[in-house]
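Supplied in structure tokens, the structure appears directly below.
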Amino acid sequence: MDRKRVKKQIQQCTVEELTAWRKHAVKCLQYFLKARNKFEIEECHFVISHIDQRLQELNKDFC
């Protein structure tokens with residue numbers, strides 16, 4: 001995964017898109033935890049954490 005590209009995509013997504021993407025990333029994380037794939041677990045954590053950060057930013061903008 002190109003982390004720089006992923007971060008850029010996250011910045012361009014709507015709240016709905018981010019929520020759906022996060023849900024998918026959590027589902028992937030659960031799978032990779034069972035499969036004990038450390039690399040993919042780290043990638044999932046990266047995506048989830050950046051999505052959470054962006055959702056917080058968007059929430060502050062709307063309040």
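Throughout, numbering of the chain's residues begins at 1 and tracks the sequence.
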(request) Find out if a path of hydrophobic residues (ILVMFWY) with successive side-chain heavy-atom gaps under 4.5 Å connects Ile48 to Ile41. (result)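 Hydrophobic grouping puts Ile48 with Ile41.
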
(request) To the nearest 0.5 angstrom, please state how far the NE2 atom of His24 sits from the SG atom of Cys44. (result)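 Atom-to-atom, His24:NE2 and Cys44:SG are 8.0 Å apart.
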
(request) May I ask you to test the Leu18-Arg54 pair for a side-chain heavy-atom distance under 4.5 Å? (result)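 Heavy-atom side-chain distance check passes, below 4.5 Å.
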
(request) Measure the CD-CD distance between Gln53 and Gln11 for me, rounded to the nearest 0.5 Å. (result)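 Gln53 atom CD to Gln11 atom CD measures 7.5 Å (nearest 0.5 Å).
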
(message) For a 4.5 angstrom cut-off between non-hydrogen side-chain atoms, does Glu43 reach Val47?
(response)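 Sidechains of Val47 and Glu43: no contact.
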
(request) Rounded to the nearest 0.5 Å, what's the gap from CG on Leu55 to OG1 on Thr19? Could you check? (result)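 So the gap between those two atoms works out to 5.5 Å.
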
(request) To the nearest 0.5 Å, tell me how far Ile51 CD1 sits from Glu17 CD. (result)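 Answer for the CD1-CD pair, Ile51 versus Glu17, is 11.0 Å.
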
(request) Kindly compute the distance separating CG (Leu58) from SG (Cys13), expressed to the nearest 0.5 Å. (result)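 Interatomic distance, Leu58 CG to Cys13 SG, rounded to 0.5 Å: 10.0 Å.
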
(message) Do Phe46 and Ile10 sit in one hydrophobic cluster, given that two such residues count as connected whenever their side-chain heavy atoms are within less than 4.5 Å of each other, even indirectly?
(response)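 Yes, because Phe46 and Ile10 connect within a single hydrophobic cluster, where side-chain heavy atoms sit under 4.5 Å apart.
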
(message) Quick one, Phe39 and Met1 - any side-chain contact, counting heavy atoms below 4.5 Å?
(response)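 No, their side chains stay 4.5 Å or more apart.
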
(message) Return the CG to NE2 distance between Leu33 and His45, rounded to the nearest 0.5 Å.
(response)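 Answer for the CG-NE2 pair, Leu33 versus His45, is 6.0 Å.
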
(message) If the threshold is 4.0 Å, N to carboxylate O, is there a salt bridge linking Lys60 and Glu57?
(response)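 A salt bridge is absent here (no side-chain N lies under 4.0 Å from a carboxylate O).
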
